[in-house]
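Inspection log for the structure reproduced underneath, given as structure tokens.
Below, chains carry the letters A, B, ... as their sequence lines are ordered, and counting in each starts from 1.
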2 protein chains.
Amino acid sequence: MARPRFLKLPPHQQQAILQAALEEFAAHGFHDASLNRVIEAAGISKGSMYYYFDGKEDLYAYVAQTEFAGLFEQVGPPPDFDAGDAETFWSALEDYYRQLLQALAASPQLAAMLRGWSAAAKNPAFQEVQGELEQASVPWIEQALAAGQRVGAIRDDLPASLLITVALGMGEAMDLWLMSQPVDPESLPAHVHGLIDMMRGAFAPRRPVH
Amino acid sequence: MARPRFLKLPPHQQQAILQAALEEFAAHGFHDASLNRVIEAAGISKGSMYYYFDGKEDLYAYVAQTEFAGLFEQVGPPPDFDAGDAETFWSALEDYYRQLLQALAASPQLAAMLRGWSAAAKNPAFQEVQGELEQASVPWIEQALAAGQRVGAIRDDLPASLLITVALGMGEAMDLWLMSQPVDPESLPAHVHGLIDMMRGAFAPRRPVH
DNA sequence: AACGAATTAGACCACCAGTCTAGACCGGTG
DNA sequence: CACCGGTCTAGACTGGTGGTCTAATTCGTT
């Protein structure tokens, strides 16, 4: 995950490398991105690149993590889901998710990278690297889930890991679907509401049927 | 999609190529699979391979399609979702989904390939090839959805394309989660029931809240 | 100034997907 | 039989890839 040496570089040089890598990865995804092109665009030599990063995966992971952190910095930390009842839980979640999507829509490169992440993450060779990034995202999901269960907004009759996996899958699907739609900032809140409504249906405690 | 010439080969030679390709793709996914290895394992020359297939994508698509067809042949066609009420719709869906998963569990290579498909399918360069396979899978989902709406099992206040995308995402997530679990055929029905229950929550018509 | 560590340059390696040409094979025809 | 044209095969070759390695350079410290 980026040799410490890298951080000692003058910021503008770090920036040049990061920017080149971001553009390449955003444009081509992980697999089809060319490290040689990044090297050329950044104006450094191959030796330097491998001096600062362990390899392509390492660079990708670092760029993704950096951009990811930038996103959360921009949007701010997740709200405190513990305060209130089930109803406020779901509306807080909806608000926060909408903010994330809005921020994502505003920086297409970041969006393209994060989108590629989920595909790349399925490659087993990737998963050790992935762990580091996932540990930045999954915990707040775990906490939100636990909070949701405490306030009675989320069912507890299924394993938490299953709920998380399915929630991520739904989120990814939503993202995919939004991409395929004509861009229309006006309608985003409605779409987000639709998705959260589906999540609510899936994850809310079962009401007894009679 | 496999030059017609390929079909004129003696079956055992077709089989050798297909088997080699299946093993390679199942083991390494599309991107990291090596066509050279397939060629070597199949005992043919590069010239022959490119004589029978347009390239790596073409081979992959053909193998995936073939295996996919085999799966549906094994499980049988989807039931008629139109007969009955919402309750029977959901239980028929659960049955069918469980059968698919059981068949998939019995042939790990096929499972590995289809798993890789969803990742590969996101690559834009792949989507023209993908169309052909997707036309075999999405229509029955569309029909099931339409049938579900007719019998009142599925909401119609959201775009069908969104429902389909989210359903696929949930299914994929379920699959991912199952893979991470210790293999236990006994508990599969319960897991499937859990997933279908979540889908039902997400896709059932909203009950008026009061 | 001199030494050793940090850094850079880029040649080199094995491998990749895909192209291309030379020839082997084979059925039909004169 | 000889020849011919299409079908098929072999594998050298191309331009690219990610990654390694060594020699040279720069730089901080004594």
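- Contact check on R155(A) versus D197(B) returns a salt bridge, with a Lys/Arg side-chain nitrogen under 4.0 Å from an Asp/Glu carboxylate oxygen.
- One finds no side-chain N or O of R37(B) lying less than 4.0 angstrom from the OP1 or OP2 phosphate oxygen of dC15(C).
- Relative to the six-membered ring of Y51(A), R3(A) misses at least one condition, a distance below 6.0 Å or an angle of at most 45° to the axis.
- Summarising the geometry, the separation between CD1 on I44(B) and C1' on dG18(C) is reported as 14 Å, rounded to the nearest angstrom.
- Atom CD1 in I17(B) sits roughly 12 Å away from atom P in dC8(D) (whole-Å rounding).
- Atom CD1 of I39(B) is separated from atom P of dT9(D) by 13 Å (rounded to the nearest Å).
- Contact check, S45(A) against dT8(C): no side-chain N or O comes under 4.0 Å of OP1 or OP2.
- In this structure, the CZ atom of R5(A) is 14 Å from the P atom of dA5(C), given to the nearest Å.
- Residues S48(A) and Y50(A) form no side-chain contact, since every pair of their non-hydrogen atoms from C-beta on lies 4.5 Å or further apart.
- Close to dT7(C), at under 4.0 Å from its OP1 or OP2, lies no side-chain N or O of S48(A).
- Considering only side-chain N and O atoms, Y51(B) lies nowhere under 4.0 angstrom from the phosphate OP1 or OP2 of dT9(D).
- Computed from coordinates, the F30(A) CZ to dT17(D) P distance equals 14 Å when rounded to whole Å.
- Between the P atom of dG11(D) and the CE atom of M49(B) lies a distance of 15 Å, rounded to the nearest Å.
- Between dC8(D) and Y50(B), no contact under 4.0 Å exists linking OP1 or OP2 to a side-chain N or O.
- The closest side-chain donor-acceptor pair between T88(B) and S91(B), if any, does not fall under 3.5 angstrom.
- Here the side chain of K46(B) is nearest to one of dG10(C), dT9(D), dG11(D), namely dG11(D).
- Comparing dC16(C), dA9(C), dG18(D) by their nearest atom to the side chain of K56(A) picks out dG18(D).
- Remark: S34(B) is in phosphate contact with dA17(C), judged by side-chain N or O atoms under 4.0 Å from OP1 or OP2.
- Side chains of K56(A) and F30(A) form a contact here, defined as non-hydrogen atoms less than 4.5 Å apart.
- Note on F53(A): nothing from the nucleic acid sits closer than 4.0 angstrom, heavy atoms only.
- What separates CG of L35(B) from P of dT17(D) is a distance of 19 Å, to the nearest Å.
- The interatomic distance linking D32(A) (CG) with dC16(C) (C1') rounds to 13 Å, in whole Å.
- At a threshold of 4.0 angstrom between heavy atoms, the contacts of G47(A) include nucleobase atoms, whether or not backbone atoms are also involved.
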